There are 2 protein chains.
Amino acid sequence: MLTTWLTDRFDLTVPVVSAPMAGVSGGRLAAAVSAAGGLGMVGIGGEPAAALSAQAELARAGGRAFGIGLIAWVAEGRPDLVEAAIEARPALLTLSFGAYAQHVAAAHDADIVVATQAGTVDDAKRAVDAGINLVVARGGEGGGHGRNEVATLPLLQAVLDAVDVPVLAAGGIATARGLAAVLAAGAAGALVGTAFLACPEGLNKPAAREAVLAARETDTIYTTVLDIGRGIPWPTEYGGRALRNAFAEKWHGRDDQLRAAGERSDEAAVWAGQAVGFLRRERPAADVVAEFAAAEPLLRRCAT
Amino acid sequence: MLTTWLTDRFDLTVPVVSAPMAGVSGGRLAAAVSAAGGLGMVGIGGEPAAALSAQAELARAGGRAFGIGLIAWVAEGRPDLVEAAIEARPALLTLSFGAYAQHVAAAHDADIVVATQAGTVDDAKRAVDAGINLVVARGGEGGGHGRNEVATLPLLQAVLDAVDVPVLAAGGIATARGLAAVLAAGAAGALVGTAFLACPEGLNKPAAREAVLAARETDTIYTTVLDIGRGIPWPTEYGGRALRNAFAEKWHGRDDQLRAAGERSDEAAVWAGQAVGFLRRERPAADVVAEFAAAEPLLRRCAT
């Protein structure tokens, strides 16, 4: 069995956390990941607090530890979301992409581990200064929102050298080989999003699942125009990685012109990382988690 | 000792190959890397064949196996370069970025292992079809020229699944942690460029060395405008990653306008990958290789 700080702290059998992907990572997916030996997370965007509570209840129904992930810049104007998250008593709370330091003490008082995503070494150092327990070193190849300045492998090496708290790696980790890699580097585990995009337990729609199954590793784009086209005021330092579509191809790199034109994105963005090329078929979250467990023989083999 | 296909094939003690960086990787650096237990490479751009032969002689003077790396699109119009490379009897010849299949048989006849860099799964499959012995899975975070579509960690997982020949990882590997990661994933070793940019044995100028020592992991840019500004006709699918400078900031993303304006880049490009943030001081290549050897205890530790 793979044993790390992460597995010890949350009583896991596989050092994998499912990413809190808003619109995908509901309570059912979280419960399925946790039941399989990972740590499942519920991801919430700008939904009402009641929606968060309902998804957390679904996650809790699995009987295992689970996590909740909030978008920090959304939560800045929505204290009800942070309160609802803490009241749901997750084992792990992630607050990423915006100001989060003001919530750390309250979560700690409730015995909740607090994590945040770091896209640079400075992000990671600031997180530790804010009292964060666990840093997620997230490379630009990851799906959904974040920075695109540094890729996972160089970022992970740098963050592990820079901070003394446990570190998860995120971005591009989709197979046992990827998990073995980040564990060998010194990570306590992996935060995995894209690999769970074709699970029947997810909240994403069948069309989105078909799109990720058809995509290759070269079919994503990191851009800010998909949010501009949806009218969602993400801070511009956090673009998002999604499957290429006509809207992104048309406007990418021309943010100001898009704002002036006011064109709206009709096509829904399908957020996905470069690991999308590994998705071959729809399959339960338990199968995805079980595949990651094969990191153990890989690690044993290369140490002999 | 770390034992892989790479160390067995070339009689190395550390599974690291120094990248053939034109303008940096001369025979002295190659000899120093090989003497330290890695495989040192000489990198040649458009220089005369005599320059290649002279650098190869310097590499050979170290008494150990060495490699030569050519830029395939340059070599397409310069058969003398390929002939000189084969005549120099390197243990490894890399031909990357352009058509290379026509040279594989001649190199094999001279008992030379032939490798190429792959930036996508398709690149890797084509390489195997062409008879390549060793695929270098190079992620977009790497320095110098290549593709920027997929980062090292997801690319490595995908290439290892797709081909049956040995695979080296390249891009963002600058410490023992990074080497341990790619070995755990299943790579036969790492091809490392940026970590050797601050070695006194290199051909790069003191000013370039000072620039990389001052740079952080977020200070690079992947762009095609530096080559346009130098008047060098790199195929546009291969941009280059370099330290940000005023010229790149001014023109990046506006290739057509730059061509129309005809502005030349006065400032020399300093090619470097995201691993540039790890460079702290000038130090001999032997020290860099020795640091990579610490991947072994990292791998042992995480398998227990």
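Everything numeric in this text was worked out from a predicted model, so none of it was measured. Within every chain, numbering begins at 1; the chains are lettered A, B, ... in the order of the sequence lines, protein sequences first and strands thereafter.
B:Q157 places no side-chain N or O within donor-acceptor distance of the main-chain N or O of A:A275, the cut-off being under 3.5 Å.
Neither the backbone nor the side chain of A:R147 has a heavy atom closer than 4.5 Å to any heavy atom of chain B. Of the atoms belonging to B:L153, heavy atoms from both backbone and side chain fall under 4.5 Å from chain A. Looking at B:L156, there are no atoms closer than 4.5 Å to chain A (heavy atoms on both sides), in backbone or side chain. Interface remark: A:L160 contributes backbone and side-chain atoms alike to the contact with chain B (heavy atom separation under 4.5 Å).
Summarising the geometry of B:P154 relative to A:E141, their closest heavy-atom pair is CD-OE2, 3.4 Å, with the distance given to 0.1 Å.
Among the candidates B:I173, B:L2, B:T175, the residue making the largest number of heavy-atom pairs closer than 4.5 Å to chain A is B:T175. No other option in B:G186, B:A184, B:A187 has as many heavy-atom pairs under 4.5 Å with chain A as B:A184. Across A:D122, A:L155, A:L179, the residue that shares the most heavy-atom pairs under 4.5 angstrom with chain B is A:D122. Most heavy-atom pairs under 4.5 Å with chain B: of the set A:V121, A:T220, A:V182, A:L183, this distinction falls to A:V121. Chain A forms more heavy-atom pairs under 4.5 Å with one residue of B:G253, B:P297, B:G273, B:A158 than with any other, namely B:A158.
Taking CZ of B:R300 as the reference point, atom CG of A:L299 lies at 13.0 Å (rounded to 0.5 Å). In this structure, A:Q274 CD and B:T152 OG1 are separated by 9.5 Å, a value rounded to the nearest 0.5 Å.
A donor-acceptor contact closer than 3.5 angstrom is absent between the side chains of A:E149 and B:T218.
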* Asked: Where do B:E217 and A:T120 land on the side-chain contact (heavy atoms from CB on, under 4.5 Å) test, with the steps shown first?
  -> CA-CA 8 Å; B:E217 85 278 16; A:T120 65; 3.7 Å; yes
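For B:D164, the CG atom is loosely surrounded, since the number of other residues' heavy atoms within 6.0 Å does not exceed 12. When the shell of 6.0 Å around CZ of A:R244 is examined, it contains more than 12 heavy atoms from other residues, nucleotides or ligands.
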